[in-house]
Amino acid sequence: MEALLDLLPTPKVIVEAGSGEVSFANRAAHRLAGGRFPTGAPAERNSGDRFYGVGPAGGRVPTDALPSARAARGEPVEGMEFDWNTPAGLRSVLVHGGRLGDGTTILSFEDVTLLKQVEREKTESLALLDALFEGAPIGLAYFDVDLRYRRINEKLAEMNGVPVEDHLGRTVGEVLPGMDERVAAELRRVLESDVPAVDMEFTGHTPASGKERHFAVSIYPVIAPDGERQGVGCLVVDITARREAAAERERALAKAEMAAARARFLAEAGAILDESLDYEATLASVSRLAVPWMADWCVIDMREPDGKLRRVATAHVDPGKLDLAREWHDRYPPNLDSPTGGPNVARTGVSEIYPLITDEMLEQGARDAEHLDMVRSLGMRSAMVVPMAARGRTLGVITFIAAETDRTYGDDDLLLAEELARRAATSIDNARLYTERSYIARTLQQSLLPPHLPYVPGAELAARYRPVGEGNDVGGDFYDVFELSDGSWSVLIGDVSGKGPEAAALTALVRYTLRAIAAPDKPPSEVLRLVNDAMLRQRSDSRFSTVSYARVTMAAGVAHVELTSGGHPLPIAMRGGHAEYAGEPGTLLGVVADPAFQDCKIELHSGDSLVLYTDGVPEAGAPGRLLGPDELIAAVERCDPASARSIAECLEATAVEAGGGSPNDDIAVVVLQVASDACR
């Protein structure tokens, strides 16, 4: 029998009854043991380090639990699983026992080491997959071919707000009736096409939250090794917070962009408001700027002293409707007692906003059926009426209307409209103040100059006066011509330092003091000394003046001129086309108590001229271009000597040209010319 067993390919051993000794092991058993299969009593075989049984916990198996010991006791060992440590390594075996008639047992061993290893790896893999499935931070689900939940992890159950067990065997629509219907359709598509869907976004409601939620979903087919479709798997990520954060960023960005756009709009409006002092033209430009940026209609009304509103600007996205708008305004002018709209805003100074204009509101505001039809035809959706207020006064109102576009006005729009109206009101008020100031300045300046030049027998007079700047500041250059008691004439020209009220007061002091004290028995130098004394007595602001003063006596066609200069450019005498300076320089007026003045006498004959001017003539192009003494003489000689007027105009033109068209100082010129027929 042993010889027969030795030929069998299956490991077999003979176990003696009672003792459990292994008395024989075939060659297959030796191969299983990795050398010689241990024989002898069970205790001997299980006590060394080479061969011993290994229990489930890794420890040694007790000797009496060995298959051979159990077989010796007559216990069944059929299909017994046994781990055995051998020199060839740990072997997992299945043991089968066959008992012979004499009590001897033949044990057969089946090596299932590889199978057990595969099972262990499978178990470990499944455990790992289960751990990943349950511990994944994203939602996971598996659907069968009927697209019913077969498995779902806790994360997805938490997202859905439905327990795991309430998902199983049900479809998405049954578990989540508020979910996007495209989910079920996409599951079906992936199942039928085997083409995955990656990072698709779906929106819906789940029992976990009352608000709408956003999900990123990937769906993939599940196919068995034999190619049979098992179902589909699904990965779900709740991206609601991400989408809300992105939406918030977009809102913040849009808000920032809108704020920047509004700032640009106000800057552009400010530039328009600063362009002109004609406020009506300016407001027309503002209304055109507002359309279509913030309104489809924009109308601006100014408040008149009697409380009425006067329409000064109308703009519309469709210019063809402007004539119609004017016609309707003329037919239905604003009711000053209206409790709403422009009249009420003009009275109260409080803005009105209508985010949504209803038909009921139109009916309440309509005058008659035709008016109602007209108002309805405008298609008004939203409106704002804001006051133009400055320095505590409401100057007018601006009305913004949204019609053709879908915009509706809110608080931010109202703030922008009020800011635009405030700036417009300030600009209007400044323009009015500037106009009033300019009028006052012009009137005061005119009072400092003779209204017209007098008639001097035997002579022709001409004067030119060109103030620099915008005419708001008075003072500066002045001139005068007046008759003395003996029939002689005082001709003077001067300049005071600075501009403004103080300069105007000094101009008046010098001019009218000269008029008061000039007399035939006082030489020009004495007159200027008296003026200097008056300035020192009455002024303490360090302002000064320059004056060229001449007393002219006409006799037998000859002009006898006695002149002096108080710090002023010397006059020019022009005789027969030749020009030269007349007189001697003197001290500024209002500076020292003992000024130096020198009188000078000259005669002018038929056609001769005396040219008096201010420093604005030689210094018109300062600092880059100045007319030197010789250049000024040459300029006078180039003038046409035919008349006093032609000389005055020529000298003014020369100064303006030297100043590049914009002189840097006031220009004043006075010319006295002896008439060519003075002897007749």
Side-chain angles (χ1 to χ4, degrees), residues 265-266 268-291 293-317 319 321-354 365 367 375 378 380 383-402 409 413-440:
F265 171 78
L266 288 175
E268 187 173 353
I272 291 175
L273 292 170
D274 291 339
E275 281 180 355
S276 171
L277 294 174
D278 183 348
Y279 72 85
E280 292 195 13
T282 298
L283 290 179
S285 298
V286 169
S287 68
R288 290 191 295 270
L289 177 65
V291 173
W293 199 89
M294 61 181 300
D296 300 313
W297 283 92
C298 180
V299 295
I300 303 179
D301 298 297
M302 293 298 297
R303 191 180 188 191
E304 297 296 292
D306 60 0
K308 293 182 179 179
L309 295 178
R310 177 172 60 88
R311 182 68 44 88
V312 296
T314 304
H316 192 274
V317 289
K321 292 187 177 181
L322 293 179
D323 291 338
L324 185 60
R326 295 187 186 98
E327 178 185 348
W328 288 339
H329 180 266
D330 293 340
R331 291 183 60 185
Y332 298 99
N335 181 0
L336 297 182
D337 297 325
S338 175
T340 60
N344 184 56
V345 172
R347 285 195 310 271
T348 64
V350 179
S351 301
E352 295 180 3
I353 182 171
Y354 304 95
R367 308 276 184 85
V375 174
L378 297 178
M380 295 187 295
M384 297 182 293
V385 187
V386 297
M388 292 188 295
R391 296 179 177 90
R393 294 187 304 135
T394 300
L395 307 179
V397 296
I398 306 180
T399 303
F400 303 89
I401 300 174
Y409 293 126
D413 300 299
L414 182 61
L415 290 174
L416 177 64
E418 289 177 334
E419 178 61 18
L420 176 63
R422 185 192 65 78
R423 296 190 181 193
T426 301
S427 178
I428 293 170
D429 202 45
N430 289 340
R432 286 181 172 179
L433 291 175
Y434 183 89
T435 301
E436 293 173 2
R437 180 181 176 187
S438 296
Y439 173 76
I440 294 171

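The first residue of the sequence shown is numbered 1, and numbering continues consecutively from there. Quick caveat: nothing in here was measured; it's all calculated off a predicted structure.
Remark: the backbone N or O of Gly307 is not paired with any side-chain donor or acceptor of Arg347 at under 3.5 angstrom. Using a distance-only test at 3.5 Å, with no hydrogens or angles considered, a donor-acceptor pair links the side chain of Ser427 to the main chain of Leu273. Judged purely by atom type and a 3.5 angstrom limit, Asp429 has no side-chain atom pairing as donor or acceptor with the backbone of Ala425. A donor-acceptor pair is defined here as one N or O able to donate and one able to accept, closer than 3.5 Å; such a pair exists between the side chain of Glu352 and the backbone of Gly341.
The two atoms that bring Ser351 and Val386 nearest to each other are OG-CG1, 3.6 Å, heavy atoms only. Trp297 and Thr314 make their closest contact through CZ3-CG2, 4.3 Å (heavy atoms, listed as atom of the first residue, atom of the second, distance). Taking every heavy atom of both residues into account, Ala421 and Pro387 meet most closely at CB-O, 3.3 Å.
Put simply, the side chain of Thr340 reaches to within 4.5 Å of the side chain of Tyr354, judged on heavy atoms. With a 4.5 Å cut-off on side-chain heavy atoms, Arg311 and Val299 count as touching. Side-chain contact between Met388 and Met302 is present, with at least one heavy-atom pair separated by less than 4.5 Å. Ile401 is not listed as a side-chain neighbour of Asp296, based on a closest heavy-atom distance of 4.5 Å or more. Contact of the Val350 side chain with the Asn344 side chain is not registered, since no non-hydrogen atoms from C-beta on lie closer than 4.5 Å. Looking at heavy atoms from C-beta onward, Leu336 lies in side-chain contact with Lys308 at the 4.5 angstrom threshold. At least one side-chain heavy atom of Leu420 sits less than 4.5 Å from a side-chain heavy atom of Phe400. In this structure the side chain of Leu309 reaches within 4.5 angstrom of the side chain of Arg303, judged on heavy atoms.
To the nearest 0.5 Å, the span separating OG1 on Thr282 from CD1 on Ile428 amounts to 8.5 Å. The distance from atom OG of Ser287 to atom NE2 of His316, rounded to the nearest 0.5 Å, is 12.5 Å. Distance check, rounded to the nearest 0.5 Å: CE of Met294 to CG of Leu289 gives 9.5 Å. Atom-to-atom distance recorded for Arg432:CZ and Arg391:CZ is 11.5 Å, nearest 0.5 angstrom. The line from CD1 of Ile300 to CZ of Arg310 is 12.0 Å long, rounded to the nearest 0.5 Å.
Using a 4.0 Å cut-off between a side-chain N of Lys or Arg and a carboxylate O of Asp or Glu, Arg423 and Glu419 qualify as a salt bridge.
Relative orientation of the Trp293 and Phe265 rings is parallel, given thresholds of 30° and 60° on the angle between their planes.
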